[in-house]
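So the structure is just underneath, and the comments pick up after that.
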Amino acid sequence: MVSFLAPQVSVVGSIHMDFFILMDHLPVPGETVLGKSFTMQPGGKGANQAVAAARLGAKTYMVGRVGGDIFAEEVLNNFRRNGVDVSYVRRDPETHTGVAFIFVDSRGENMIAVAPGADARVSTHDVDSAIDVISSSDVLMLQLEIPIETVVYAAKVAWEHNVKVVLNPAPARTLPEEIYGYIHVLTPNRIEAQMLSGVRIESREDIVKAAHVLMDKGVENVVITLGAEGALLVSEEGVYHIPAFKVRPVDTTGAGDAFNAALAVAIAEGRSLREAVRLANAAAAIKITRVGAQAGLPYRRDLEEFLKDVR
Ligand code: RIB
């Protein structure tokens, strides 16, 4: 049985409305594909991670922006329904709420285009206004769908207050060197690890080498996500491969968000990183069996049931 200590997690990040079309195959440039179904659901990596953390039992604060459009109220209500505190989500009437257009094929693979809108205006002032909740959190979660300057600033503020920073470097972007020293756990996938480290990744040894480059830059721990192969944890204690749970994928959208949120909540609860990565693998496995980024994010009871079953 997984115990529950009500940790506190803050997320500074993106908030979207996602437009999903399920289809047999993803289009190539110039091709029009007829979809099988359409749904509109709240999303965004930041928002998904906040909702997932709240569903997993953390007291969760979201810091970000929504626009002055019809989606703003919808995504705010969605946060409230999921128990996420939105006191630090600012309404920005000068732009639109971030939107993502997501195509998912019959194998569960996706293709995503984002128009950031209000995400692009999340500022260091927004971080300052939330400093009380960020500094009292156990973990701060960050991703890269808001301005990098804000990400670096939020990480610095958290680090200065001894709050552990979990940075999910997605979507892949280069990072200023300064940020690495603020990060407790960096969670790149293979492509992001290659881009951030400069190490060409073709083997398991290359992944470990890339992780060590990132640790030399100042990151305390690196967890490289490997999709169906699970994740590789590289820390001062050593290198550990934590295998994925085998499930039939329906939609991989948001799997990284489920993974990062479960990892952050487990760290906030004081679990070991190996245990945290195992829980993160379980949360991601549950997510990919369900359609929708947020709709598929597991609750605590789902995680506990799943782990009971696989045992
Ligand atoms: O990680 C999945 C998310 O990426 C989607 O919800 C979409 O909004 C994009 O930001």
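Whatever order the structure lists ligands and atoms in, that order sets their numbers, starting from 1.
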Below 4.0 angstrom from a heavy atom of [X], which ligand 1 atoms are there? Numbered from 1 as shown, please.
| X | value |
| --- | --- |
| Ala293 | 6 (O) |
| Gly44 | 5 (C), 6 (O), 7 (C), 8 (O), 10 (O) |
| His16 | 7 (C), 8 (O), 9 (C), 10 (O) |

Would you please determine whether Gly256 falls within less than 4.0 Å of ligand 1 on a heavy-atom basis? no
Report the nearest protein non-hydrogen atom to [atom]: residue, atom name, distance rounded to 0.1 Å.
| atom | answer |
| --- | --- |
| atom 10 (O) of ligand 1 | Glu145 OE2, 2.6 Å |
| atom 1 (O) of ligand 1 | Asp257 OD2, 2.7 Å |
| atom 5 (C) of ligand 1 | Asp18 OD2, 3.3 Å |

Residue among Val151, Val63, Ile15 satisfying side chain to side chain contact (heavy atoms under 4.5 Å, CB included) with Ile146: Val151
Which of parallel (below 30°), tilted (30 to 60°) and perpendicular (above 60°) describes Phe245 and Phe306? perpendicular
Report the part of Lys45 (side chain from C-beta onward, or backbone N, CA, C, O) that has a heavy atom under 4.0 Å from ligand 1; answer both or neither where that applies. both
If I apply the N/O under 3.5 Å rule, does Ala100 come out as touching ligand 1? no
Using atom types as modelled and distance alone, determine if a side-chain donor or acceptor of Glu145 lies under 3.5 Å from a backbone N or O of Lys45. yes
Contacts satisfying salt bridge (charged side-chain N to carboxylate O under 4.0 Å, His left out) that involve residues 165-178 (not counting sequence neighbours) are Glu177-Lys217
For Glu236, is the CD atom crowded, meaning more than 12 foreign heavy atoms sit under 6.0 Å from it? no
Is any side-chain heavy atom of Phe71 less than 4.5 Å from a side-chain heavy atom of Val66? no
Could you tell me which residues satisfy ring pair (Phe, Tyr, Trp, His ring centres under 6.0 Å) with Tyr299, sequence neighbours excluded, listed by chain and number? none
Given Val99, Ile15, Val114, Asn48, which has its nearest heavy atom closest to atom 3 (C) of ligand 1? Asn48
